Engineer: 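Quick one: the structure is below, questions incoming.
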Amino acid sequence: VKASNPLSFRLQAKMSKPVQARRLEGIDKNIWVEFVKLAATYSKVNLGQGFPDFPAPDFLTEAFTRILGGGDHMLHQYTRGFGHPPLVKVLAQFFEKLLGRDLDPMTNVVVTVGAYQALFCCFQALVDEGDEVIIIEPFFDCYEPMVKMAGGTPVFVPLRPNPPKDGKLMSSADWQLDPAELASKFSERTKAIVVNSPNNPLGKVFSRRELGLIAELCVKHDVLCISDEVYEWLVYDGKQHIRIASLQGMWDRTVIIGSAGKTFSATGWKVGWVVGPDRLLQHVRTVHQNSVYHCATIAQEAVAQGFQRELMLYGKPESYFVQLPKELQQKRDWLVRSLDGVGMKPIIPEGTYFLVADISQFKSDVPDVPNSDEPYDYRFAKWMVKNKGIAAIPLSAFYSEAHKNNYTNFLRFCFAKEEATLKAANDIFQKWKQEKTS
Ligand code: PMP
């Protein structure tokens, strides 16, 4: 429409009102939009966004194909909005085992469009205008805008690094909460705390003691817990994933969030869930039924079959939930050696498929720009993908605006990758190091 057209003038004149809702102010930037595009444009080796480049297990993809080609045409139609009955049933059975309590598939489980929508539903359902929500830094970045969109105020508490004195590599276990600092964040205004164990991006697996401390404070201050456990099966070195909902006083105040994408290495399927008490889930269902209402039936049916298999093989060596962490631990060790070998000091993760590494020794390659708005690690990650072809994510993306500038010497790498991908990364790092020293 040309500007001279009087209709267009009228349309433009109408646009003087702000078009966006106030709750979107300040949350328009998104790290993934920018870095996924950079990786697609420049990367030879993508260790950025968190997804495997190896196939999902055969039993899962075969289930999907069987369902697609099978005779039940009703699996192409809507199913129960709060979760396909076979999936909520098997999830309830599985979590009964994990939590040691009886669950009702109809009231204690809701199926969502990935863990992302599970988080969104929980924040919308449980957080009100003026409520404070405690978020432990570094954190999966969407928690902050989701709390804000619900009208809440995020209150941040950091994991503080304590480097080991013996010159050993740091572990994610060396990043800890200061108990007094954590306690100081709880007040009458606190509605909920978000706990993400194993934690993205550090790979920290919270200990029973740490979770016990959080649980005590939740009970004392009558605070809810949004427990993001999407990496529950990805735990290494014999560590145990503790479910905070199983600690005393926590079941009634906790929503557990999970993801078939992470669990079965099929992030594109976008099947997730919330498990918890009906008193909380009834409100999660209200948001779900008034937003997406429903997730793809076939994907839900295939995930249900995947869980039925895993229930049968629970704890056995053939179980995918036993095999996947074993394979990933090898990949972790491989990337740790590779990064350590070139002086990009890795922090050894106890869980997840992410690894954070210190880039301080490579800073001379990418000069800092004083007084820039852009944190140094952003600039470094952009330079690295454009000049070296390796995509990674700046760690400061997982910090609040106020604390970003304290953590600009680190990158997050994803190691859920084929051997060939990790090898290609190693080759690039080796060459880079040689160029630096020659
Ligand atoms: N929580 C965490 C901690 C995550 O890392 C992710 C994915 N990166 C999600 C939730 C979202 O999971 P999904 O892909 O199932 O939506």
Side-chain angles (χ1 to χ4, degrees), residues 30-33 35-36 39 46-53 56 60 83 87 91 109-124 133 135-147 159 172 192-206 225-235 241 243-244 254-275 284 287-288 291-292 295-296 299-300 302-303 306-307 324 328 349-356 391-395 397-399 412-417:
N30 179 291
I31 170 89
W32 305 109
V33 174
F35 277 80
V36 165
N46 187 357
L47 306 183
Q49 205 184 5
F51 60 87
D53 71 349
L60 194 78
L87 181 54
L91 279 170
V109 185
V110 177
V111 175
T112 55
V113 182
Y116 234 99
Q117 197 230 343
L119 286 162
F120 184 78
C121 288
C122 289
F123 288 120
Q124 286 293 322
V133 176
I135 297 177
I136 300 168
E137 289 181 305
F139 59 91
F140 180 45
D141 63 297
C142 72
Y143 302 155
E144 184 181 0
M146 284 195 191
V147 167
L159 287 165
S172 56
I193 180 166
V194 187
V195 177
N196 172 216
S197 181
N199 159 279
N200 175 12
L202 275 177
K204 180 182 171 65
V205 177
F206 284 66
C225 178
I226 297 174
S227 184
D228 181 342
E229 303 184 29
V230 299
Y231 301 104
E232 60 193 318
W233 301 107
L234 308 185
V235 175
H241 170 59
R243 294 179 167 76
I244 197 167
T254 303
V255 281
I256 305 170
I257 288 169
S259 162
K262 307 293 175 178
T263 301
F264 289 113
S265 310
T267 56
W269 287 26
K270 293 297 289 183
V271 175
W273 54 84
V274 189
V275 171
V284 172
V287 181
H288 182 73
S291 50
V292 303
C295 320
Q300 290 195 63
V303 170
F307 266 108
L324 181 64
L328 284 169
E350 308 152 273
T352 75
Y353 44 49
F354 300 114
L355 182 163
V356 170
I393 306 294
L395 182 68
F398 302 92
Y399 280 87
R412 190 201 75 173
F413 295 92
C414 172
F415 57 82
K417 303 294 169 189

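Whatever order the structure lists them in is the order used to number ligands and atoms, beginning at 1. When reading the values below, keep in mind they use all heavy atoms of this one structure, side chains included, and skip hydrogens, waters and symmetry mates. The shown structure was predicted, so the numbers you read here are calculated from the model rather than taken from an experiment.
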Engineer: Mind running side-chain contact (heavy atoms from CB on, under 4.5 Å) on Gln117 and Lys270 for me, showing each step along the way?
Structural biologist: CA-CA 9 Å; Gln117 197 230 343; Lys270 293 297 289 183; over 6 Å; no
Engineer: Using the side chain to side chain contact (heavy atoms under 4.5 Å, CB included) definition, which of the options Thr352, Asn196, Leu355, Leu159 pairs with Leu202?
Structural biologist: Leu159
Engineer: So for ligand 1, is Ala115 a polar contact partner (N or O within less than 3.5 Å, distance only)?
Structural biologist: yes
Engineer: With Lys262 as the cation and Phe51 as the aromatic partner, state whether NZ or CZ is under 6.0 Å from the six-membered ring centre and within 45° of the axis.
Structural biologist: no
Engineer: Applying a 4.0 Å heavy-atom criterion (strictly less than), which segment of Asn196 is in contact with ligand 1: side chain, backbone, both, or neither?
Structural biologist: side chain
Engineer: Enumerate the atoms of ligand 1 whose separation from the nearest heavy atom of Val230 is less than 4.0 angstrom.
Structural biologist: 1 (N), 2 (C), 3 (C), 4 (C), 10 (C)
Engineer: Using a 4.0 Å heavy-atom cut-off, which part of Tyr116 comes near ligand 1: side chain, backbone, both, or neither?
Structural biologist: both
Engineer: Considering non-hydrogen atoms of the protein only, which is the closest contact for atom 9 (C) of ligand 1, and what is the distance?
Structural biologist: Phe140 CE2, 3.4 Å
Engineer: Which bit of Gln117 is near ligand 1, meaning a heavy atom under 4.0 Å away: side chain, backbone, both or neither?
Structural biologist: neither
Engineer: Do you know which two heavy atoms are closest between His288 and Cys295, and how far apart they sit?
Structural biologist: CE1-SG, 4.1 Å
Engineer: With a 4.0 Å cut-off on heavy atoms, does Asp228 reach ligand 1?
Structural biologist: yes
Engineer: Over 60° means perpendicular and under 30° means parallel, so tell me whether Tyr143 and Phe140 are parallel, tilted or perpendicular.
Structural biologist: perpendicular
Engineer: Identify the protein heavy atom lying closest to atom 5 (O) of ligand 1, giving its residue, its atom name and the separation to 0.1 Å.
Structural biologist: Tyr231 OH, 2.6 Å
Engineer: Identify the protein heavy atom lying closest to atom 8 (N) of ligand 1, giving its residue, its atom name and the separation to 0.1 Å.
Structural biologist: Lys262 NZ, 3.1 Å
Engineer: How many angstroms lie between atom CD1 of Ile31 and atom SG of Cys142, to the nearest 0.5 angstrom?
Structural biologist: 13.0 Å
Engineer: Looking at CD1 of Ile226 and CG of Leu119, how far apart are the two atoms once the value is rounded to the nearest 0.5 Å?
Structural biologist: 7.5 Å
Engineer: Could you tell me the residue and atom name of the protein heavy atom closest to atom 16 (O) of ligand 1, and the distance to it rounded to 0.1 Å?
Structural biologist: Lys270 NZ, 2.7 Å
Engineer: Find all atoms of ligand 1 within a distance of less than 4.0 Å from any non-hydrogen atom belonging to Gly114, and give their numbers and elements.
Structural biologist: 15 (O), 16 (O)
Engineer: Only one of Phe415, Tyr231, Phe413 forms a ring pair (Phe, Tyr, Trp, His ring centres under 6.0 Å) with Phe354, so which one is it?
Structural biologist: Tyr231
Engineer: Would you check whether Ser259 has a nitrogen or oxygen atom less than 3.5 angstrom from a nitrogen or oxygen atom of ligand 1?
Structural biologist: yes
